[in-house]
Amino acid sequence: QVQLVESGGGLVQAGDSLRLSCAASGGTFSRLAMGWFRQTPGKERELVAAHSRISSSTSYADSVKGRFTVSRDNGKNTLDLQMNSLKPEDTAVYYCAASSRYNLPIVTRLYDTWGQGIQVTVSS
C-alpha cells in the first residue's frame, strides 16, 4: 500500500515562491502516475499538475501554467511542485496523489491514493 506525505507548505506573500514535496513509500514509485491537487472550503478538489508514470509528460491547470512546475525523482521516490509568482488565489490545501492504473490522469476519481494535505497560504 502506497503512502504519501506532503511537506513544504506555509505562509508566504504574493509574488513569493514555495516548493512542495511529496514522499512516497510502500510501493513502486516509478509505476505510479502522480499529481498535485488543491482544495478550498466549499469547492471541489481540483488538479494543479500531473506527471506521467511512463514518460516526462505533464499536465497543468490553466491557472498555474507558466508559474508552477511539477517534477519527479524516481530514485528518491519524490514528487515536487515548484510554485513561483504565487497569488492569493493559490491559497488552498494541497494534496499529493498517486494513480496505479492510469498514465496521466487529470481528475480526482482516477487517483487511488492521497496524502493528508498541506496548507499553502498566500497573503496579499
Side-chain angles (χ1 to χ4, degrees):
Q1 182 72 18
V2 176
Q3 293 184 326
L4 305 173
V5 178
E6 302 98 337
S7 62
L11 172 63
V12 296
Q13 293 187 334
D16 286 351
S17 297
L18 202 61
R19 189 176 184 90
L20 302 182
S21 186
C22 173
S25 61
T28 304
F29 184 74
S30 60
R31 295 181 181 176
L32 301 172
M34 300 295 296
W36 284 101
F37 289 77
R38 66 187 181 187
Q39 189 171 23
T40 54
K43 293 189 177 181
E44 292 188 356
R45 196 168 295 185
E46 63 175 7
L47 175 77
V48 175
H51 197 296
S52 169
R53 64 176 179 173
I54 61 173
S55 72
S56 58
S57 297
T58 56
S59 180
Y60 294 91
D62 287 343
S63 59
V64 307
K65 283 181 180 177
R67 299 188 299 123
F68 290 12
T69 303
V70 63
S71 60
R72 66 188 295 162
D73 186 331
N74 288 343
K76 296 181 178 180
N77 292 354
T78 57
L79 178 79
D80 289 347
L81 183 68
Q82 178 65 42
M83 304 185 293
N84 298 330
S85 302
L86 282 162
K87 304 175 181 180
E89 50 263 44
D90 294 318
T91 296
V93 176
Y94 284 70
Y95 296 89
C96 176
S99 175
S100 60
R101 295 176 292 167
Y102 299 92
N103 181 41
L104 189 61
I106 60 172
V107 295
T108 57
R109 62 180 176 85
L110 299 183
Y111 285 83
D112 39 49
T113 303
W114 294 83
Q116 80 283 359
I118 193 164
Q119 179 70 45
V120 172
T121 303
V122 184
S123 64
S124 58

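Only a predicted model underlies this, so the values are computations on that prediction, with no experimental measurement involved.
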| Can you check whether Met83 reaches Trp36 side chain to side chain, under 4.5 Å on heavy atoms? | no
| query | Does CD in Gln13 sit with more than 12 non-hydrogen atoms of other residues, nucleotides or ligands closer than 6.0 Å? | reply | no
| task | State, without any angle test, whether Asp80 and Gln82 hold a side-chain donor-acceptor pair at a distance under 3.5 Å. | result | no
| said: Tell me whether Gln116 at atom CD has more than 12 heavy atoms from other residues, nucleotides or ligands lying less than 6.0 Å away. | reply: yes
| note | Distance col, row Met34:CE vs Thr78:OG1, nearest 0.5 angstrom, shows 9.0 Å
| Crowding at CZ, Arg19 (>12 non-hydrogen neighbours, <6.0 Å) | yes
| query | Any luck finding a side-chain donor-acceptor pair between Asn103 and Ser52 under 3.5 Å? | reply | yes
| task | Answer whether the closest heavy-atom distance between the side chains of Thr91 and Gln119 falls below 4.5 Å. | result | yes
| field | Pair Asp62-Lys65, salt bridge (Lys or Arg N to Asp or Glu O under 4.0 Å): steps then yes or no | value | CA-CA 5 Å; Asp62 287 343; Lys65 283 181 180 177; 3.1 Å; yes
| field | Student check: side-chain heavy atoms of Leu79 and Val70 closer than 4.5 Å | value | yes
| said: Within the structure provided, determine whether Arg38 and Val64 are in side-chain contact (heavy-atom separation under 4.5 Å). | reply: yes
| message | Quick check for you: to the nearest 0.5 Å, what is the distance between Asn77 atom CG and Ser25 atom OG? | response | 8.0 Å
| query | Within a radius of less than 6.0 Å around CD1 of Ile106, do more than 12 heavy atoms belonging to other residues, nucleotides or ligands occur? | reply | no
| Pairwise distance CZ(Phe68) to CG(Leu18) - rounded to 0.5 angstrom | 9.0 Å
| task | Find out whether Tyr94 and Glu6 are in side-chain contact, i.e. whether some heavy atom of one side chain is under 4.5 Å from a heavy atom of the other. | result | no
| Within-4.5 Å side-chain heavy-atom neighbours: Trp114 and Thr108 | yes
